[in-house]
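Beneath this line is the structure, given in structure tokens, with notes to follow.
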Amino acid sequence: MTATADPRSAIDAVWRIESARLIAGLARMTRDVGLAEELAQDALVAALEQWPESGVPRNPGAWLMTTAKRRAVDTFRRNERYDRKLGEIGREQEFEEEPDFTAGLDDHIEDDLLRLVFTACHPVLSTEARVALTLKMIGGLQTHEIARAFLAKETAIAQRIVRAKKTLGDAKVPFEVPEGADRVARLSSVLEVIYLIFNEGYSATAGEDWMRPALCEEALRLGRILAGLMPKEPEVHGLVALMEIQVSRSAARVGPNGEPVLLLDQDRTKWNRLLIGRGLAALDLAESLTGGAFGVYAAQAAIAACHARARTGEETDWGRIAVLYEGLGTLNPSPVIELNRAVALSMAVGPEAGLEVVDKLTSEPALKSYHLLPSVRGDFLAKLGRLDEARAEFERAAEMTGNDRERTLLLNRAAECTP
């Protein structure tokens with residue numbers, strides 16, 4: 001045991017590091033993700049009770065696992081399944097400074113983590129449930145942290161997580177990594193969940209803050225873990241590349257008072273070149289695994305790389321970005337992608353070209369409530385000198401957004417269009 005001045009902080013840090021592996025190992029043993037999470041929480045409660053007096057163990061992860069295994073044995077004994085499950089769980093052990101089972105646990109840890117990722121992101125769950133369960137079980141976030149990140153009530157998030165675990169149990173979702181076509185389909189769900197977490201951190205949909213860096217960091221951490229677990233999957237590296245490059249701009253995206261700073265107005269000396277380098281390396285790896293072809297995430301990373309390589313806005317290769325968006329639209333047809341292509345076209349050719357594309361999107365049902373459509377259209381109209389129309393578009397966009405910072409930005413742009 002080792003003493004620490006602040007045991008609670010040490011326990012929080014240990015939990016954030018060890019919880020995913022702990023739950024994954026327990027889920028392999030019990031074949032029940034919900035039960036595994038409960039056992040891990042029981043072990044955390046025991047640590048909160050004992051470590052402040054006894055000190056933090058030299059191997060805290062092993063201590064937590066030993067405690068959780070004891071709880072599992074007790075649970076199965078109470079459920080009259082003790083004899084059948086005892087062989088899977090292992091016999092009760094007395095606490096030791098270095099428990100013997102840890103070496104055996106390491107043999108399974110990567111497989112267990114990968115199984116947990118695929119289980120938490122199973123398509124049988126709603127998107128919201130997948131996000132919450134992933135942050136809880138793999139990210140190690142507490143319920144109140146997830147609620148704060150998504151500006152939701154803690155009780156609502158707690159209910160969502162409980163329902164998700166029940167759904168997995170009722171559907172008898174196996175604790176395994178799928179194979180073949182099912183693996184490809186499930187991987188897309190995993191990547192979608194990680195990217196949703198990242199996007200909510202990078203451009204918050206509601207609230208007072210333009211960004212929520214903690215969510216970006218958590219998504220990037222999850223992506224890096226997944227890349228280590230699935231090194232031969234190009235789209236995993238593509239997503240990591242995209243997140244690394246995007247988050248490299250964080251310091252330049254927000255002004256001194258928390259106000260948004262748009263891409264072309266950013267001080268590029270504040271961009272994190274280390275993260276850009278990591279992102280470009282991940283993109284190269286994704287391309288090498290496909291022979292140069294792009295998947296959906298790698299294509300977006302290639303677009304981000306065009307910005308990252310340009311030392312100034314004027315140096316940006318907008319023509320290539322427009323071509324990349326066209327290719328991305330072929331891979332994943334979407335009016336949002338077409339809207340982004342319109343922006344690239346306006347920069348490469350002129351606002352008239354962009355406006356022509358955007359005008360065709362105004363009847364798209366999927367963009368009816370999307371505030372960036374009138375925002376982009378307002379920008380094109382302003383550049384063409386059609387100020388009254390531009391002001392009306394910026395005001396409409398301001399009414400549609402749920403983010404306070406973005407609303408202020410759009411209203412300021414509307415005011416700039418007033419003669």
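Everything quoted here is computed from the prediction, not taken from an experiment.
Between atom CG of residue Leu345 and atom CG of residue Leu355 there is a gap of 12.0 Å, rounded to the nearest 0.5 Å. Residue Glu128 holds its CD atom at 9.0 Å from CG of Leu196, rounded to the nearest 0.5 Å. Rounding to the nearest 0.5 Å gives a distance of 9.0 Å between OG of Ser189 and CZ of Phe118. For the atom pair OG1 of Thr408 and CG of Asn257, the computed distance is 11.5 Å after rounding to the nearest 0.5 Å. Here CG of Leu116 is found 8.0 Å from CG of Leu133. Values are rounded to the nearest 0.5 Å. Separating the CG atom in Leu220 from the CD1 atom in Ile225 is a distance of 10.5 Å, to the nearest 0.5 Å.
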Compile the donor-acceptor pairs under 3.5 Å between side chains in residues 362-371 and protein atoms, sequence neighbours left out, one pair per line.
from: Thr362; atom 1: OG1; to: Asp359; atom 2: O; distance (Å): 2.8
from: His371; atom 1: NE2; to: Glu406; atom 2: OE1; distance (Å): 3.0
from: His371; atom 1: NE2; to: Glu406; atom 2: OE2; distance (Å): 3.0

Report, one line per pair, each donor and acceptor closer than 3.5 Å where one atom sits in a side chain of residues 326-336; sequence neighbours left out.
from: Thr330; atom 1: OG1; to: Glu326; atom 2: O; distance (Å): 3.2
from: Ser334; atom 1: OG; to: Val336; atom 2: N; distance (Å): 3.1

Exercise answer: donor-acceptor pairs, residues 291-302 side-chain atoms, under 3.5 Å, sequence neighbours excluded:
from: Gln300; atom 1: OE1; to: Tyr195; atom 2: OH; distance (Å): 3.1
from: Gln300; atom 1: NE2; to: Val296; atom 2: O; distance (Å): 3.3

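With sequence neighbours excluded, the residues that form a side chain to side chain donor-acceptor pair (under 3.5 Å) with Gln266 are Trp271. Partners of Glu37 by side chain to side chain donor-acceptor pair (under 3.5 Å), not counting sequence neighbours, listed by chain and number: Gln41, Lys136, Lys165. Scored by the salt bridge (charged side-chain N to carboxylate O under 4.0 Å, His left out) test, Asp317 finds no partners at all (sequence neighbours excluded). Under the side chain to side chain donor-acceptor pair (under 3.5 Å) criterion, Arg413 pairs with Asp379, not counting sequence neighbours. For Arg249, the salt bridge (charged side-chain N to carboxylate O under 4.0 Å, His left out) test picks out no residue, with sequence neighbours left out. In this structure, Arg309 has no side chain to side chain donor-acceptor pair (under 3.5 Å) partners at least two apart in sequence or on a different chain.
Residue pairs meeting the ring pair (Phe, Tyr, Trp, His ring centres under 6.0 Å) criterion with at least one member in residues 302-329, sequence neighbours excluded, are His307-Trp318. For residues 214-227, the set of pairs meeting the salt bridge (charged side-chain N to carboxylate O under 4.0 Å, His left out) definition, not counting sequence neighbours, comprises Glu218-Arg221, Arg224-Glu244. The salt bridge (charged side-chain N to carboxylate O under 4.0 Å, His left out) analysis of residues 332-346, with sequence neighbours excluded, yields the pairs Glu338-Arg341.
Side chains of Leu264 and Met347 form a contact here, defined as non-hydrogen atoms less than 4.5 Å apart. Contact of the Phe380 side chain with the Val376 side chain is registered, since non-hydrogen atoms from C-beta on lie closer than 4.5 Å. Looking at Leu22 and Trp15, their side chains come closer than 4.5 Å, going by heavy atoms from C-beta outward.
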- Task: Before giving the answer on side chain to side chain contact (heavy atoms under 4.5 Å, CB included), spell out for Asn340 and Ile303 the whole-Å C-alpha distance, their side-chain angles and the decisive distance to 0.1 Å.
- Result: CA-CA 11 Å; Asn340 284 311; Ile303 292 167; over 6 Å; no

- Query: Given the rule in the side chain to side chain contact (heavy atoms under 4.5 Å, CB included) test, do Gln142 and Leu44 qualify, once you have shown the distances and angles that lead to the verdict?
  - Reply: CA-CA 12 Å; Gln142 298 298 319; Leu44 175 63; 4.2 Å; yes

- Residue pair Leu215, Leu135: steps toward the side chain to side chain contact (heavy atoms under 4.5 Å, CB included) verdict: CA-CA 9 Å; Leu215 282 179; Leu135 287 173; 4.3 Å; yes

- Apply the test side chain to side chain contact (heavy atoms under 4.5 Å, CB included) to residues Asp42 and Thr67: give CA-CA distance (whole Å), side-chain angles for both, the deciding distance (0.1 Å), then the verdict. CA-CA 8 Å; Asp42 288 344; Thr67 303; over 6 Å; no

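Using a 4.0 Å cut-off between a side-chain N of Lys or Arg and a carboxylate O of Asp or Glu, Asp74 and Arg71 do not qualify as a salt bridge. Salt bridge status for Arg21 with Glu18: present, with a side-chain N to carboxylate O gap under 4.0 Å.
Looking at Asp284, Leu283, Leu289 one by one, the single match for side chain to side chain contact (heavy atoms under 4.5 Å, CB included) with His237 turns out to be Leu289.
Taking every heavy atom of both residues into account, Leu187 and Leu226 meet most closely at CD1-CD2, 4.4 Å. The shortest heavy-atom contact between Trp51 and Pro57 is CE2-CD, 3.3 Å. Between Asp112 and Gly25, the shortest heavy-atom contact is OD2-CA, 3.6 Å. Between Cys306 and Ile321, the shortest heavy-atom contact is CB-CG1, 3.6 Å. Minimum heavy-atom separation, Ala68 to Leu26: CB-CD1, 3.6 Å. Annotation for Met400 and Pro374: closest pair SD-CG, 3.9 Å, computed over non-hydrogen atoms.
Counting only distance, with no hydrogens or angles, the side chain of Arg130 and the backbone of Pro123 share no donor-acceptor pair below 3.5 Å. No donor-acceptor distance shorter than 3.5 angstrom exists from the side chain of Arg386 to the backbone of Leu381, with no hydrogens or angles considered. In this structure, Ser248 contributes its side chain and Ile245 its backbone to a donor-acceptor pair below 3.5 Å. Of the possible polar contacts, one joining the Asp267 side chain to the Thr269 backbone as a donor-acceptor pair under 3.5 Å is found. Side chain of Arg183 to backbone of Val177: no donor-acceptor contact under 3.5 angstrom is found.
Under a cut-off of 6.0 angstrom, the local environment of CZ in Arg273 is crowded, with over 12 non-hydrogen atoms contributed by other residues, nucleotides or ligands. Under a cut-off of 6.0 angstrom, the local environment of CD in Glu315 is crowded, with over 12 non-hydrogen atoms contributed by other residues, nucleotides or ligands.
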